[in-house]
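By convention in this document, chain letters (A, B, ...) are assigned in the order of the sequence lines, proteins followed by strands, and residues within each chain are numbered from 1. Computed over heavy atoms, backbone and side chain alike; hydrogens, waters and symmetry mates excluded. In this text the structure is predicted, and so the values were computed from the model without any measurement.
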Protein chains: 2
Amino acid sequence: MPTIDRSDGRPYYRQIADDLRRRIIQGQYGPGDQLPSERVLTEDYETSRLTVRQAIGLLRTEGLLLAEHGRGLFVRAAVPVQRLARTRLDRAQRQAGAGAFQTDAQRAGFQPSVDVDVYSATADARIAELLQVSTGSRLIVRERLMMADKVPVQLSTSWLPAELAAGTRIELRDTGPGGIYARLEEKGHLLARFTESVRARMPSQDEASALRLAVGTPVLAVTRTAFDQHGRPVETNDMVLAADRYELTYEFSAD
Amino acid sequence: MPTIDRSDGRPYYRQIADDLRRRIIQGQYGPGDQLPSERVLTEDYETSRLTVRQAIGLLRTEGLLLAEHGRGLFVRAAVPVQRLARTRLDRAQRQAGAGAFQTDAQRAGFQPSVDVDVYSATADARIAELLQVSTGSRLIVRERLMMADKVPVQLSTSWLPAELAAGTRIELRDTGPGGIYARLEEKGHLLARFTESVRARMPSQDEASALRLAVGTPVLAVTRTAFDQHGRPVETNDMVLAADRYELTYEFSAD
DNA sequence: AAGTGGTCTAGACCACTAC
DNA sequence: TAGTGGTCTAGACCACTTT
């Protein structure tokens, strides 16, 4: 029977969280199962509702529990994870037609859709360094919200030096078959190399609502830069991915 | 002056959080600065302390604020980020002497130290698949807690088929110069290739306390598998990194 | 000793979901 | 309509840090 040890040094809400966490891990409550309501837990643990809510808040930020207003508390079920492999950027993949996101989504059985916004801007310090241009240089910026079966799953912002995009479909919403990389190669910038840097953090308010993230879901922030055959950076790209829906994979030689 | 709009649809605590967030982003409170105390904020916003604490809790899980018991509320300062590049696993690096962590830490100006635990176990389904052995096979497991200037920064667990480690220093706490990869190569398993998969999630209770993570800090979970010249997996490794202290970088060709 | 954040109580009413 | 989680009040005492 669940109770609180009033002489235990731990605060009550931690004892409750530890107890519920143990039950979940041991399988007493499985993925998708409903927990007793907050009021029932309050009676079970002989405490106040706020204390129970503190415990539940802890398990929510740990990503273990999901609260649904008017319905109840549920053990969070694992989401099918989409794997993003390095090979999504191989030339063969790029030339196959659509962009990387479309290809991935369709292979995984999702119906992809994209909202695009294109505008011009000037380079701040960070983008200037990534693209090896001067701060204040003119850029084309492409912001995209990618959806799988109409569920937002990925934010992406691309920056390109304005003169590389000038007069191409990169300046339009629809960049045509193969996406911006195909347009760059048509212009003589053969893509030679990518760098990617990966970080994780909690989402901003805007990202959380755009991606409809549950409390306790971090994001993966990936910055990719594309270099042409002369070693010149031709595009850089910030991707924000819901961490519970994506896995990134890389492969490299040991030499 | 800060106040709450009682007719605004948003809950009070969100209005307060939005207001404080705006002030932080606009620079009214810079990194490391102290905010007014909870009781002062309660008066400023003309509400109850719990409502202020809810707002602060939001900003803490977003990673914007840090609360220090008995001291006050502070804007979280950016931590110096350690970059983990693919090249940390190059043969030249590995043969230079110490393991990857020691090399990285010393280059970054930290004094590295490591707690190690070595024991034998049997393969569960996941490890069996990664190492391409049968479930239940005998393994050597090496658990490590890495510290930089005595601050825990990284957890690492390695699994190797028992027969590859048998009779080598891989079974000991101190594996000798070059670490386990050097011992494997001495035994004729030349390392050819690594795969890494990267995910992000909120830490478990154990990880949070082992790595001394602040509320609102996710972890990067990296699984690396090493393959020998015959394509056989010889080791697999789970790394858990504090996301606010690490950045992973990768580089690959566009072909 | 004074000020800070951390924990806790015993209520109340609102918003949402299901029957 | 009943049950659920979400928000809010007005207190109280504890644990920690600083002076």
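Listed here is the closest heavy atom pair of B:Val215 and B:Arg76: O-NH1, 3.3 Å. Shown here for B:Ala123 and B:Thr135, the closest heavy-atom pair between the two residues is O-CG2, 3.4 Å. Between A:Arg71 and A:Gln34, the shortest heavy-atom distance links the atoms O-NE2, 3.1 Å.
Side-chain N or O atoms of B:Arg142 include none that pairs as donor or acceptor with a backbone N or O of B:Ile180 at under 3.5 Å. B:Thr217 places no side-chain N or O within 3.5 Å of a backbone atom of B:Leu213 that could act as its donor or acceptor partner.
Scored by the side-chain hydrogen bond (donor to acceptor under 3.5 Å, both in side chains) test, A:Asp5 finds A:Ser7 as partners (sequence neighbours excluded). Under the rule for a side chain to side chain contact (heavy atoms under 4.5 Å, CB included), B:Ser209 has no partner lying at least two apart in sequence or in another chain. The salt bridge (Lys or Arg N to Asp or Glu O under 4.0 Å) search around A:Arg224 returns A:Glu196, not counting sequence neighbours. Applying the ring-ring contact (aromatic ring centres under 6.0 Å, His included) test to B:Tyr250 and every residue at least two apart in sequence or in another chain returns A:Tyr250. By the side-chain hydrogen bond (donor to acceptor under 3.5 Å, both in side chains) test, B:Arg83 pairs with B:Glu247, sequence neighbours left out. Remark: A:Asp33 engages no residue in a side-chain hydrogen bond (donor to acceptor under 3.5 Å, both in side chains) (not counting sequence neighbours).
Residues from residues 67-75 of chain B lying near DNA chain C, meaning a heavy-atom separation below 4.0 Å, are B:Ala67, B:Glu68, B:His69, B:Gly70, B:Arg71, B:Gly72, B:Leu73 in numerical order. For the segment residues 201-215 of chain A, no residue has any heavy atom less than 4.0 angstrom from an atom of DNA chain C. Scanning residues 29-42 of chain B for heavy-atom distances under 4.0 Å to DNA chain C yields B:Ser37, B:Glu38, B:Arg39.
Where DNA chain C meets chain A (any atom under 4.0 Å from a heavy atom), the bounding nucleotides read 5' to 3' are C:dT7 to C:dA18.
Pairs of residues two or more places apart, or lying in two chains, that qualify as salt bridge (charged side-chain N to carboxylate O under 4.0 Å, His left out) and include a residue from residues 118-129 of chain B are B:Arg126-B:Asp238. Pairs engaging residues 205-218 of chain B under the salt bridge (charged side-chain N to carboxylate O under 4.0 Å, His left out) rule: B:Arg201-B:Glu207 [sequence neighbours left out].
Across all strands, B:Arg60 comes closer than 4.0 Å only to sugar-phosphate atoms, never to a base (heavy-atom distances).
Between B:Leu50 and A:Arg49, the residue whose closest nucleotide on DNA chain C is further toward the 5' end is B:Leu50.
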